[in-house]
Amino acid sequence: MDFIDLRSDTVTHPTPEMRTAMANAPVGDDVYGEDPTVNQLEAEAAAMFGMEAGLFVTSGTQGNLVALLTHAPRGSEIIAGDKAHIVLYEQAGMAALGGIMPRTLQVQDDGTLLLHEIEAAIREDNEHFPRTKLISIENTQGTVGSVPLSPEYTQQVADLAHRRELKLHIDGARIFNAATAFNVSPAEIIAGADSLTFCLSKGLGAPAGSILLGSKEFIKEAHRNRKILGGGMRQTGVLASAGLIAIQKMTQRLHEDHANAADLAEKLKDVPDVKMLSQHTSFVFFQLEDSAKLSPAEFTTAMRRHNILLSPYPGYERKFRAVLHYWITPERVDAVVAAMKQVLG
Ligand SMILES: *Cc1c(COP(=O)(O)O)cnc(C)c1O
């Protein structure tokens, strides 16, 4: 059945072009560094972001954990947002496997951490204190609505990090959405960062995988940490071939998702008992008002009967997140709005 699936951009399937590339990909043993397609993906991704080297990893979670293990020794501290994916949604991997302690700062509504709060959270040299090693920011910042952080802000955090002899990591699962939102190149959006992870398998449509980028020295060490985490795979050119199409082509069309998200947000204003909350990049948040004749669960079921998949945002009863991606064409946006009007009217 052909659902209109708005639950996430992770639901996207590989495109027909990806399927063909996957069937024909040249491969080798990547643990020996001999998979030409993986090597090409790592090199092209690094070049796009102006970084020296790249590492293909199984997931964004693995990429972030490899980055943290590589930057921060056991017993050290990192500074991150209290609503960061690495803090909320990664099984406390940094603590469980890395002995790393997160020092969390409040994520602002615009997705930033306040510079003076970062500065104040950096530990002085004192035998009572853990050593601060890293600042991690998230772009786009998912939990506050996939808000993009500007290159100017990122450069300020990088300057602060480097002045205090720290590194800056960006969890850039949706970094191409941020670059698209500011209409700047991938290299510009990560201004000054020392490492970056981004996902191939969300809005970019690849079936699996993420990329970790950094200096040659950093990536050499990261290889060992990927191995510890069981991320050394073999003929992964089959997956990397889809990743190449993701970065070469799918990144070029994200502005369509942003335009469709803006269109959906505008049209939701006319749907009865729906309160529009926010729209940034490809994410639309809305709320079902108490006056709605359906409960959130009934609304979800009714929409499913129209072949539209939506679900309440975890932790919030009446709040819904709709994520736009390449399956959600302008016609489908209209179909969603029409179905909502019918269901709630
Ligand atoms: C999706 C995502 C990740 C990585 O998640 P995986 O499911 O492990 O690929 C990391 N950070 C953010 C902000 C994300 O949205």
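Just follow the structure's listing: the first ligand is 1, and inside any ligand the first atom is 1. The chain is numbered in sequence order, starting from 1. Not measured: the values here are computed from a predicted model.
Both the backbone and the side chain of Thr61 come within 4.0 Å of ligand 1, counting heavy atoms alone. Here Asn64 has side-chain heavy atoms under 4.0 Å from ligand 1, and that is the only part of it that gets that close.
Of the polar atoms of Glu138, none of the N or O atoms is found under 3.5 Å from an N or O of ligand 1, judged by distance alone. No N or O atom of Ser201 sits closer than 3.5 Å to an N or O atom of ligand 1. Looking at Ala173 next to ligand 1, no N or O pair under 3.5 Å apart turns up. Any N or O atom pair closer than 3.5 Å counts here, and Lys202 shares at least one such pair with ligand 1.
Around atom CZ of Phe182, more than 12 heavy atoms belonging to other residues, nucleotides or ligands sit under 6.0 Å away.
Minimum interatomic distance between Ala80 and Ile86 (heavy atoms only, all atoms of both residues): CB-CD1, 3.9 Å.
The protein atom (non-hydrogen) at minimum distance from atom 4 (C) of ligand 1 is Gly60 CA, 3.4 Å. In terms of protein heavy atoms, atom 11 (N) of ligand 1 is closest to Asp171 OD2, 2.6 Å.
No salt bridge links Arg174 with Asp257; every basic N to acidic carboxylate O contact stays at or beyond 4.0 Å. Taking 4.0 Å as the cut-off between side-chain N and carboxylate O, Asp273 and Arg318 do not count as a salt-bridged pair. Electrostatic pairing of Arg164 and Glu119 counts as a salt bridge here, judged by a charged N lying under 4.0 Å from a carboxylate O.
Residues Asp159 and Gln155 bring a donor and an acceptor atom of their side chains to less than 3.5 Å of each other.
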- prompt: Does the side chain to side chain contact (heavy atoms under 4.5 Å, CB included) test come out yes or no for Met48 and Phe176, once each step is laid out?
  reply: CA-CA 11 Å; Met48 274 176 109; Phe176 288 100; 3.7 Å; yes

- request: Assess whether side-chain hydrogen bond (donor to acceptor under 3.5 Å, both in side chains) is satisfied between Thr281 and Ser146, documenting all intermediate values.
  value: CA-CA 7 Å; Thr281 60; Ser146 209; 3.3 Å; yes

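Ligand-side atoms of ligand 1 in range of Glu90: 10 (C), range being under 4.0 angstrom from any heavy atom.
Residue Gln62 places no heavy atom under 4.0 Å from ligand 1. Under a 4.0 angstrom heavy-atom cut-off, Arg174 registers as being in contact with ligand 1.
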